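The structure presented is a predicted model; accordingly, all values stated were derived computationally and were not measured.
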Amino acid sequence: MNHSKSLLVIALVWPEPSSTAAGVRMMQLLDVFKRDGYSITIASAATTSEHSADLGSCGYKTKAIQMNDSSFDAFVAELNPDAVLFDRFLTEEQFGWRVAKQCPNVMRILDTEDLHSLRHVRETCFKKDVEFTTDAWLQDDKTKREIASIYRCDLSLIISSYELELLTDIIKIDNSLLLLLPFMLPEIPENPSLKPFEQRTDFLFIGGGKHAPNIDAIKCLKHTIWPLLQERLPEAKLHIYGAYLPQQIVEMHNPKERFLVKGRAADVNKVMAAAKVCLAPLRFGAGIKGKLVAAMANGTPSVTTTIGAEGMYGILEWNGYIENDHTAFVEAAVRLYTIPTAWNKAQEQGKTLVNTLYSEASLAHLLLQKVTELQTGLQHHRTQNFIGGLLQHQTMSATKFMGKWIEEKNKG
């Protein structure tokens, strides 16, 4: 009898690829497993929205699940998948012990998306106006929870090289538990049909409104960078796109200042490909920035900060400029906007970055190879991961009783 491989994805939210980079990332991962012949079930305790992806039309099964409810135990035991993919550490915390108990031989994979603890601590430091240090990160409770989650899983997908270094160099997590897997993009051909300098106009920022670094970046553009840029380039406009933008951002829309708040982009690639330069003055955050990957893929040079470009370009050159000082940031934006040779060089560098670091074909192969390798020797792999076994044992007891207590309380 032919047993087709099966994957259960426990999603924090139903993927919204038109709204978030996390949604794009999830759809990319699902696609890799689907092409490899997995039958895929996506389960989530979240409610769907009008912008959730139509998973059924992609051939995926879906299942609404509840937190702190033993109905999940029966569901996962019956499904008995070959692998479970947790979408961010919060889902592993909630459902991981149940998966381990009901299906002890199932491979557990964590997609971190980005290190949430890193993003959280950086934001806290930024708001307190203190410098971020790895010591501050190590001391935070969220870090301890996220690292515990990584240890409890057989494999964690890490999106940026900076985050991989943090985990291996600072925490000393064994490489066998981690896989560097950034966004996966189709290769850009030698003579791509990317719009040239002459056919493009205006600046663009894109980022979801539920993400604090994006809100801060828009405020920085509005109050500091754009007034300086406008003086230099009075004909240019700045288009602000993003799903779920809060009212305070919507109210910044000012056609007279050529600062245009557009809201959700129906097609990110379309608006990115029309823009001349992407601006991303990010002052805190983590992971790989979807907006900057989209800029590279669409041949749009960008100006960003050290945080924005962190872990995204290896030893290669950035597709534009990296500047933290506002005056230098504006100078770089003007240079790209007005000098075709600088712009063309940046576009070429973006193409090199996509084809070298973000190649869908090679990254998909790497992921599937790693999954197969671990599945073949799963018990030995777990024996080597002593801390993971220890945490699984402790967590199983603590979470089980907490979950049972909540379940009983909910019945009352």
If a pair satisfies salt bridge (Lys or Arg N to Asp or Glu O under 4.0 Å) and one of its residues is in residues 382-393, list it, with sequence neighbours excluded.
-> Asp154-Arg382
For Asp140, what residues pass the salt bridge (charged side-chain N to carboxylate O under 4.0 Å, His left out) criterion, not counting sequence neighbours?
-> none
With Leu357 via side-chain contact (heavy atoms from CB on, under 4.5 Å) - residues at least two apart | Leu316, Leu353
With sequence neighbours left out, the residues meeting salt bridge (charged side-chain N to carboxylate O under 4.0 Å, His left out) with Arg264 are none
Between CH2 on residue Trp14 and CG on residue Asp54, distance to nearest 0.5 Å | 12.0 Å
Among all residues two or more places apart in sequence or in another chain, which pass the side-chain hydrogen bond (donor to acceptor under 3.5 Å, both in side chains) test with Gln247?
-> Glu251
In plain terms, say whether Lys345 and Glu348 are close enough for a salt bridge, that is, a side-chain N and a carboxylate O under 4.0 Å apart.
-> no
Side chain Thr143, main chain Trp137, donor-acceptor under 3.5 Å = yes
Pair Glu310 + Arg122: basic N to acidic O under 4.0 Å = yes
Set of side-chain contact (heavy atoms from CB on, under 4.5 Å) partners for Glu198, sequence neighbours left out | Pro196
Glu331: partners by side-chain hydrogen bond (donor to acceptor under 3.5 Å, both in side chains), with sequence neighbours left out = Arg232
Residues that Ala212 engages under side-chain contact (heavy atoms from CB on, under 4.5 Å), provided they are two or more places apart | Glu123, Phe284
Where does the angle between the aromatic ring planes of Phe203 and Tyr337 fall among parallel (under 30°), tilted (30 to 60°) and perpendicular (over 60°)?
-> parallel
Test side-chain hydrogen bond (donor to acceptor under 3.5 Å, both in side chains) applied to Lys63 - qualifying residues, sequence neighbours left out | none
Set of salt bridge (charged side-chain N to carboxylate O under 4.0 Å, His left out) partners for Arg335, sequence neighbours left out = none
Thr383: what forms a side-chain contact (heavy atoms from CB on, under 4.5 Å) with it, not counting sequence neighbours?
-> none
Could you give the distance from CG (Leu229) to CG (Leu279), rounded to the nearest 0.5 Å?
-> 6.5 Å
Please list all pairs passing the side chain to side chain donor-acceptor pair (under 3.5 Å) test where one or both residues lie in residues 352-368, with sequence neighbours left out.
-> Ser359-Ser362
Report yes or no: does Lys210 contribute a side-chain atom to a donor-acceptor pair with the main-chain N or O of Thr20 at less than 3.5 Å?
-> no
